[in-house]
Asker: 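Dumping the structure here so I can ask a few things about it.
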Amino acid sequence: FSFWIKPTDSGTNRQILSIGTANADTRASQFQVLRNATNGIQFYMVNLSYGGRSNDSVIIQDEWNHVLVTRDDLRGPGDKLKFFVNGVDESFSDGTRFAPSSNANTGLWIGEHQNGFNAPFLGGIDEVAIYNQDMVSYINEIYGGGFIIDLNQIDTKPINWFRMGELSQLNGTQWTMTDVNGGYTVSSESMDGNNRVLDTP
């Protein structure tokens, strides 16, 4: 997963990405990525049972931060899950293992958890991209030296890529955001034209 975030608060766990499961537990998800209360990035799979996190204090409030969360089972124990922030490896812990299967029963949620677990993200989110392979060797290209780039110019293209503001349309209070590569559409809730920002890198 690759994305840019500009949080406008700190001290609270804030959801960035999640996909839900049919589990009755309100925390349940196929996966979720959040900015935690210590300004790090946290990743969970299957009801918080399998996860890892970055170092603390790597996400800067009121500034755009690039994040790449990537996993490769070919790496050794404790090194499978990697967290890069602004092009730097900020990995702290990797508790991930081969998780039991968890079938998704929701679409992709950006900035919120399908059951309201933790708090919704406050601030900006841009360039959400999903890959189907480990992307460690591409971090310098994806980060782009601090500037948003055309991710389809990299040898390994994302399977899903939501540019957020670009290719989006506002209909009343709902944005529809097109998936550049995968053909999906994400719809917003409780938003208006003021929710689009133009200060991205």
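Note that these values count all heavy atoms, side chains included, but never hydrogens, waters or copies made by symmetry.
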Asker: Within the distance-only criterion (no hydrogens, no angle test), does the side chain of Asn55 pair as donor or acceptor with the backbone N or O of Glu90 below 3.5 angstrom?
Answerer: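 Yes; at least one donor-acceptor contact below 3.5 Å.
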Asker: Measure the CD-OG distance between Glu112 and Ser188 for me, rounded to the nearest 0.5 Å.
Answerer: 12.5 Å
Asker: I want to check something: taking the side chain as every heavy atom from C-beta on, are Leu108 and Ile130 in contact at a cut-off of under 4.5 Å?
Answerer: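 Result yes, sub-4.5 Å side-chain heavy-atom pair found.
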Asker: Between Pro120 and Arg14, which heavy-atom pair has the shortest distance, and what is it?
Answerer: O-NH1, 2.8 Å
Asker: Does the side chain of Thr200 reach to within under 4.5 Å of the side chain of Trp4, using non-hydrogen atoms?
Answerer: no
Asker: To check you understand the geometry: which heavy-atom pair defines the closest contact between Pro201 and Gly146, and what is its length?
Answerer: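 Heavy-atom minimum between the residues: CB-O, 3.2 Å.
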Asker: Under 4.5 Å between any side-chain heavy atoms of Ser2 and Glu127, yes or no?
Answerer: no
Asker: Quick one: does Thr38's side chain have a donor or acceptor within less than 3.5 Å of a partner on Ser57's backbone?
Answerer: no
Asker: Within the structure provided, determine whether Ile142 and His66 are in side-chain contact (heavy-atom separation under 4.5 Å).
Answerer: yes
Asker: Which pair of heavy atoms, one from Arg35 and one from Ser10, lies closest together, and at what distance?
Answerer: NH2-CA, 3.8 Å
Asker: Hey, quick one: are Phe92 and Leu81 part of the same hydrophobic cluster, counting side-chain heavy atoms closer than 4.5 Å, chains of contacts allowed?
Answerer: no
Asker: Quick check against the 3.5 Å criterion: does Asn181 have a side-chain atom that pairs as donor or acceptor with the backbone of Trp161?
Answerer: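 The answer is no, because no donor-acceptor pair under 3.5 Å joins these two groups.
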Asker: Considering residues at least two apart in sequence or located in another chain, which fulfil the ring pair (Phe, Tyr, Trp, His ring centres under 6.0 Å) criterion with Phe121?
Answerer: none
Asker: Do the side chains of Val136 and Asp72 get nearer than 4.5 Å, heavy atoms only?
Answerer: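 SC-SC contact between Asp72 and Val136 ruled out.
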Asker: Can you name the salt bridge (charged side-chain N to carboxylate O under 4.0 Å, His left out) partners of Lys82, sequence neighbours left out?
Answerer: Asp79, Asp89
Asker: Got more than 12 heavy atoms from elsewhere within 6.0 Å of CG, Asp199?
Answerer: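 Atom CG in Asp199 is packed in, count exceeds 12.
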Asker: side-chain contact (heavy atoms from CB on, under 4.5 Å) with Pro7: which of Asp62, Asn39, Asn65?
Answerer: Asn65
Asker: How about Asp179 and Val186: do any of their side-chain heavy atoms sit closer than 4.5 Å?
Answerer: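 With C-beta onward as the side chain, the pair stays apart.
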Asker: Might you point out which heavy atoms bring Ala129 and Leu151 nearest each other, and give the distance in Å?
Answerer: CB-CD1, 3.6 Å
Asker: Does one hydrophobic cluster hold both Tyr131 and Ile149, with members joined at side-chain heavy-atom distances below 4.5 Å?
Answerer: yes
Asker: Enter the distance from Ile125:CD1 to Ile110:CD1 here, rounded to the nearest 0.5 Å.
Answerer: 7.0 Å
Asker: Given 3.5 Å as the limit, does a donor-acceptor pair link the side chain of Ser54 with the main chain of Ile41, or not?
Answerer: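 At least one qualifying donor-acceptor pair exists.
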Asker: Between Val67 and Val58, does a side-chain contact (heavy atoms from CB on, under 4.5 Å) hold up when you go through it step by step?
Answerer: CA-CA 10 Å; Val67 177; Val58 295; over 6 Å; no
Asker: Determine, step by step, whether Asp126 and Lys6 satisfy the side-chain contact (heavy atoms from CB on, under 4.5 Å) criterion, reporting the C-alpha distance in whole Å, the side-chain angles of both residues, the deciding distance to 0.1 Å, and the verdict.
Answerer: CA-CA 9 Å; Asp126 200 14; Lys6 183 182 180 181; over 6 Å; no
Asker: Quick check for you: to the nearest 0.5 Å, what is the distance between Thr70 atom OG1 and Phe83 atom CZ?
Answerer: 10.5 Å
Asker: Hey, does Phe31 have a side-chain heavy atom less than 4.5 Å from the side chain of Leu17?
Answerer: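 Yes, their side chains come closer than 4.5 Å.
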Asker: Is Phe1 reachable from Met45 through a run of I, L, V, M, F, W or Y residues, each pair having side-chain heavy atoms under 4.5 Å apart?
Answerer: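 In one cluster with Met45: Phe1, yes.
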Asker: Roughly how far, to the nearest 0.5 Å, is NZ of Lys80 from CZ of Arg75?
Answerer: 8.5 Å
Asker: Taking Ile148 as the starting point, is it possible to reach Val197 by hopping between hydrophobic residues whose side chains are less than 4.5 Å apart?
Answerer: yes
Asker: Locate the shortest heavy-atom distance separating Arg53 from Asn36; write the atom from each residue and the value.
Answerer: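 For Arg53 and Asn36, the tightest heavy-atom pair comes out as CD-ND2, 4.5 Å.
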Asker: Under 3.5 Å, side chain of Asp56 to main-chain N/O of Gly40, donor-acceptor pair present?
Answerer: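 Not at all, since once roles are kept as given, no pair shorter than 3.5 Å links the two residues.
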Asker: Determine the minimum heavy-atom distance between Met177 and Phe162, stating which atoms define it.
Answerer: O-CD2, 3.9 Å
Asker: Find the distance between CD (Gln174) and CD (Gln169) and round it off to the nearest 0.5 Å.
Answerer: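 Those atoms lie 11.5 Å apart.
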Asker: Hydrophobic clustering (ILVMFWY, side-chain heavy atoms < 4.5 Å, transitive) - are Leu122 and Val33 grouped together?
Answerer: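 The answer is no; the residues belong to distinct hydrophobic clusters.
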Asker: According to salt bridge (charged side-chain N to carboxylate O under 4.0 Å, His left out), who are the partners of Asp150, at least two apart in sequence or on a separate chain?
Answerer: none
Asker: Evaluate Phe43 against Arg71 for side-chain contact (heavy atoms from CB on, under 4.5 Å), listing each step before the verdict.
Answerer: CA-CA 11 Å; Phe43 174 84; Arg71 175 184 163 93; 5.7 Å; no
Asker: Side-chain contact test, heavy atoms from C-beta onward, threshold under 4.5 Å: evaluate it for Asn86 versus Tyr143 and give yes or no.
Answerer: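 Side chain of Asn86 against side chain of Tyr143, heavy atoms only: contact under 4.5 Å found.
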Asker: If you apply the rule side-chain contact (heavy atoms from CB on, under 4.5 Å), what do you find for Tyr138 with Leu68, and how did you get there?
Answerer: CA-CA 10 Å; Tyr138 294 96; Leu68 173 71; over 6 Å; no
